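Beneath this line is the structure, given in C-alpha cells, with notes to follow.
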There are 2 protein chains.
Amino acid sequence: MPKKPDLMPGTLDMLILKTLTRAPQHGYGIALSIRRASEEVLTVEEGSLYPALQRLLLQGWVKAEWKKTETNRRARYYTLTAAGRKQLGVEQSQFDQMIAAIGRVMQDA
Amino acid sequence: MPKKPDLMPGTLDMLILKTLTRAPQHGYGIALSIRRASEEVLTVEEGSLYPALQRLLLQGWVKAEWKKTETNRRARYYTLTAAGRKQLGVEQSQFDQMIAAIGRVMQDA
DNA sequence: GCAGATGTATAGACCATCTATGGATAGAAC
DNA sequence: GTTCTATCCATAGATGGTCTATACATCTGC
C-alpha cells in the first residue's frame, strides 16, 4: 500500500506563488487549488500552509487583505507582488535544474 | 547569483540506492558518483550522507562491509540488498508521481 | 615532514512539514 | 431554532532530514 506522498519538501512556496499568479486567493482556496490542479496527489495541510504564507508575507512576496467571500464570509486574500513574481521565476528555475540533475542520476544504466 | 541548490530534501535515499545498483561503493565514492552523475549540481555533504547510510542500514536496504580500497585504504563498502532494490522501486514511483503532480500545478496558465 | 586528497563519523543547529488543536461563521437540514 | 457540515484562520509542539563544523586516520607527492 503506497504511503500518501502529501508534499515534496521545499516546493510549497513555489506552488503557492504559482497558484497566486492566476488570481488572488485566500488560504483555504489556495489549498484547494493545489489539490485540484495536482489531481488530488498534493495535499497542503493547514499546519504547513499558514506558516508558509507568513514566510511569504515577511519576505514581501505576497500581500494580504481582509475581504468578504462570495458567500459573505470574512477571509484573508493573498496577492502576488512584483517581488513575488520574480521569486517564483527563481524558484522555478532552481527546481527545474534540480529535477534535471536528479533525472541524470536516476536514468543511466 | 543563484543560490547553490545542494540537494532536494527527501530524495537522498533514492539517489544512494540508485547509485548502488551499479556497484557496491563506499560512502565517499557514493558522494562523488552522485556529484558527477548530476554534473556538479547535486552535492552530498558528509553530514547528510552518513546519517542517510545509517538509516538505510537500519532498514535493511543496504549492508556494509569493511574492505580495502584499490589504493589500499580501509573503507566501508555498501551493497544493495533485495529489499533495498524493492524500496528503490517504491521511492522512484512515488517521486515520479510527485513530480508529475507538481508539473500539473506549475504548467497550466 | 608537510600538504592535500581520501575516507569515516558524530554533534548540534536549523528549518520545513505534519499532527493536533482551537475557534469562528454561513448555509442546509430537520 | 438547533445541529451538522463546509468554510476559513491560526498556532503550538513534535518530527525528521539536511547542513555546519569538527575530529580523526591513511596514503601520495613534494
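Throughout, a chain's letter reflects where its sequence line sits, starting with A, and its residues are numbered from 1. Nothing here was measured: the structure is a model prediction, and the numbers come from that model.
Computed from coordinates, the B:E45 CD to C:dA9 P distance equals 17 Å when rounded to whole Å. Rounding to whole angstrom units, CH2 of residue A:W66 and P of C:dA24 are separated by 13 Å. Between the NZ atom of A:K67 and the P atom of D:dC9 there is a distance of 13 Å, given to the nearest Å. C:dT6 atom P lies 12 Å from atom CD of B:E46, rounded to whole Å. The CG atom of A:L32 sits 12 Å away from the P atom of D:dA6 (whole-angstrom rounding). The nearest whole Å value for the distance from the CZ atom in A:R35 to the P atom in D:dA6 is 12 Å. Rounded to whole Å, the distance from OH on B:Y50 to P on D:dG16 is 24 Å. In this structure, CG of B:L42 is placed 18 Å from P of D:dG17, rounded to the nearest angstrom.
Taken residue by residue, residues 53-62 of chain A places no heavy atom nearer than 4.0 Å to DNA chain D. Within residues 68-81 of chain A, the residues approached by DNA chain C to less than 4.0 Å at the level of any non-hydrogen atom are A:T71, A:N72, A:R73, in residue-number order.
Nearest nucleotide to the B:Y28 side chain, out of C:dT10, C:dT8, D:dT7: C:dT8. Nearest nucleotide to the B:L7 side chain, out of C:dC18, D:dC9, D:dT18: D:dT18.
A:M14 has its side chain within reach of B:M106: a pair of non-hydrogen atoms, C-beta onward, lies under 4.5 Å apart. Proximity of B:Q59 to B:Q87: side-chain heavy atoms (C-beta onward) are nowhere separated by under 4.5 Å.
Remark: of the listed residues A:K63, A:H26, A:K68, A:H26 is the sole one forming a side-chain contact (heavy atoms from CB on, under 4.5 Å) with A:Y77. When each of B:T11, B:L88, B:I30, B:L80 is checked for a side-chain contact (heavy atoms from CB on, under 4.5 Å) with B:I16, only B:I30 meets the rule. Among the candidates A:K86, A:R85, A:E91, A:R55, the single residue satisfying the side-chain contact (heavy atoms from CB on, under 4.5 Å) test with A:W61 is A:E91.
Looking only at atom types and distance, the side chain of A:T19 has no donor-acceptor partner in the side chain of A:Q25 under 3.5 Å away. Remark: the A:E65 side chain and the A:T79 side chain contain no N/O donor-acceptor pair separated by less than 3.5 Å.
Where the helix from C:dG1-D:dC30 to C:dC30-D:dG1 starts and where it ends, the local axes point in directions that differ by 10°; five pairs per end, rounded to 10°.
Among the heavy atoms of the strands, none lies under 4.0 Å from A:G29. Counting non-hydrogen atoms under 4.0 angstrom, A:G47 reaches a base of the nucleic acid.
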